[in-house]
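Below is one structure; the comments refer to it alone.
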Number of protein chains: 2
Amino acid sequence: MSTVRLTETSYIVMGLLEACEPATPYDLKQVAKLSTMHFWHVPHTQLYTESARLAEAGLLSETREHEGRRRRVYRLTDEGRAALARWRADPTSKLGELRDGATLKLFFGADPVRLAHAQLQMHRELLAEYETILAELGESPIGWRRALTLGIAHERQFVAFWQALADGQVDAELAASAAAHPTVDATA
Amino acid sequence: MSTVRLTETSYIVMGLLEACEPATPYDLKQVAKLSTMHFWHVPHTQLYTESARLAEAGLLSETREHEGRRRRVYRLTDEGRAALARWRADPTSKLGELRDGATLKLFFGADPVRLAHAQLQMHRELLAEYETILAELGESPIGWRRALTLGIAHERQFVAFWQALADGQVDAELAASAAAHPTVDATA
DNA sequence: CTCCTAATAGTTCGGAACGAACGGTGCGAG
DNA sequence: CTCGCACCGTTCGTTCCGAACTATTAGGAG
C-alpha cells in the first residue's frame, strides 16, 4: 500500500524488470543499455534508488544476499504488475519534448550552416547505428522493434531537416511563405 | 568570475534576456510562453532561481525595486553576453532525447492501435497549432521560425508514424524485413 | 598460493530540475 | 472602502542527474 508518485522512471524499472525478472539493478542497467537507453537514458544510479523506492512502496519485492556483494534482487509484486498493466493500458500520455541542444542554438540565432554540418554528421551516425540494431533485433519483443522504428523515422527527419537547412531550402521556404501570408506589410 | 556550471536552462535565460533586455523573470516567462516553451519547457520557478544564480555568477546584473513588488530586473553583463556567444558559436552539442511517454508504452508492449489513435489526435492538434503559430510569426527572429520548422517536421513525422502503426503498415514492414534478414532461422 | 590488475557491482553526495502550493501586490467593480 | 481576481514572486519537498568513490570478483603472472 502506498501513495508514492510513479514516474516514467518507475515504469522503466518495472517494465524492464518484467522482461528479465528476477534481476538486480545492475542487470537492469545491462538490459537498458541494449534497449531503452537509446531514447530514454536513465543513469545507473537511478536504477538503484528507484528500485529501492519501489520496493519500499510494495511494488517490488527485494531479497538481499548476506555475503559478498550483498546484491539486492528484485521481483515485481502483484501490485507492481497491476500498476504496470494499468499504465500500459492507458493510451493517453503527455507529449514528450524534444529538448535538443542544437535546436536551442538554432532558435537563439546560431549560424545555421555550421550547425547543420555538425548535426548532420552526428545524426547520420546515430541513424546508421539504429538501423544496425534493428537488423540485429530479430526476435526481440515487437514493442522494442516498433519503438526503434519510430526512433529511426525521427533520425531520418533530423537528417532531412539539417540537410535542407544547410542547402538553404528551409530559409527559402520560410521566405516564400512569409511573402504569401504577410502578417505585416512586406512591400512597403 | 565564476565556475558555475552553465546548463541549457542558463542559456535559455540568457538567450531570452538578450531578446528583451532588461527584463524580470516574469517577463521572461511571458516570452518563453510564446516561443521556447513549445519544445523546451522551463517551469517559471526556474526562471527566478536561474536568473538569481546567473546574477550571482556575474553573468547577469540585477537591480531590485525597493518598494511594491520588489521586482528584480536583469540585464546581461559583458561576461554573460560573451558566454552566450561562445555557446552559440559551438556547433556541436549532445543529441537530444525524445522522452516521449507514448513511445515508452509502445516499447513496453502497449496495444499499438489504441495507443496510435490517442496519439494521432494529440499530435494532429499540436501540428495544427504549430502551423498557426508559424503563420503568425511573420517578422519574428529567423531562428524562431527555423526552430519551429523543425518542430513541425517532427510533428508531421509523429503523425505519419502513428498513422502507419494504426494501419498495420509498421508491423508489416517489420515482418518483411525480419523475413529478409533472418538473424535466427525463421522457418524451422 | 599470492599478488596485481581489470572488470564488475554498488553507493554517496551535491547540485540542478521540477511543480505544487503558498503569499504578497495592484487594480477595478460594486 | 473592500472585495475579488489577476498578476507577480518565493518556498519547499521530491526527483533527477552524473561525477566520484568504494568494494568485490575474476583472471593471469610469478
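Given the structure is predicted, the values throughout are model-derived calculations rather than measurements.
The side-chain hydrogen bond (donor to acceptor under 3.5 Å, both in side chains) check on B/T92 picks up B/D90, with sequence neighbours excluded. Shown here are the side-chain hydrogen bond (donor to acceptor under 3.5 Å, both in side chains) partners of B/T7, two or more places apart in sequence or in another chain: B/S10. By the side-chain hydrogen bond (donor to acceptor under 3.5 Å, both in side chains) test, B/T45 is found to be paired with no residue, residues two or more places apart in sequence or in another chain being considered.
If you measure from atom CG of B/L6 to atom P of C/dA17, you get 11 Å, rounded to the nearest angstrom. Rounded to whole Å, atom P of D/dA23 lies 18 Å from atom CZ of A/R71. Taking atom CD1 of residue A/I12 and atom P of nucleotide D/dC16, one finds them 10 Å apart after rounding to whole Å. Atom CG in B/L28 sits about 10 Å away from atom P in D/dG9, given to the nearest Å. Going from atom CD of A/Q46 over to atom P of D/dC17 covers 5 Å, rounded to whole Å. Following rounding to the nearest Å, B/W40 (CH2) and C/dC18 (C1') show an atom-to-atom distance of 15 Å. What separates NZ of A/K94 from P of C/dC18 is a distance of 11 Å, to the nearest Å. The CD-C1' distance, from A/E8 to C/dA17, rounds to 15 Å in whole Å.
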Side-chain polar contacts of residues 148-161 of chain B - donor-acceptor pairs under 3.5 angstrom, sequence neighbours left out - could you list them?
residue: B/T149; atom: OG1; partner: B/R145; partner atom: O; Å: 2.7
residue: B/H154; atom: ND1; partner: B/L150; partner atom: O; Å: 3.4
residue: B/E155; atom: OE1; partner: B/H123; partner atom: ND1; Å: 2.6
residue: B/R156; atom: NH1; partner: B/E131; partner atom: OE2; Å: 2.8

Do any side-chain atoms of residues 162-169 of chain B form donor-acceptor pairs under 3.5 angstrom with protein atoms, and if so which ones, sequence neighbours left out?
residue: B/Q163; atom: NE2; partner: B/D167; partner atom: OD1; Å: 3.4

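Counting only distance, with no hydrogens or angles, the side chain of A/R72 and the backbone of A/E62 share no donor-acceptor pair below 3.5 Å.
For the OP1/OP2 pair of C/dA17 and a distance below 4.0 Å, the side-chain nitrogens and oxygens of B/T7 include at least one atom meeting the criterion. Within the 4.0 Å cut-off from OP1 or OP2 of C/dG15, not a single side-chain nitrogen or oxygen of B/R5 is found. Using a 4.0 Å cut-off, no side-chain N or O of B/H41 falls inside it from OP1 or OP2 of C/dA17.
Between B/F107 and A/W144, the two ring planes are parallel [angle under 30°; tilted spans 30° to 60°].
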Quick test: give all pairs of protein nitrogen or oxygen and nucleotides 10-12 of chain D nitrogen or oxygen below 3.5 Å, distance rounded to 0.1 Å.
residue: D/dT10; atom: OP1; partner: B/R72; partner atom: NE; Å: 3.1
residue: D/dT10; atom: OP1; partner: B/R72; partner atom: NH2; Å: 3.2
residue: D/dT10; atom: O4; partner: B/H44; partner atom: NE2; Å: 3.1

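Among the nucleotides C/dA9, D/dG9, C/dA16, the one closest to the side chain of A/Y26 is C/dA9.
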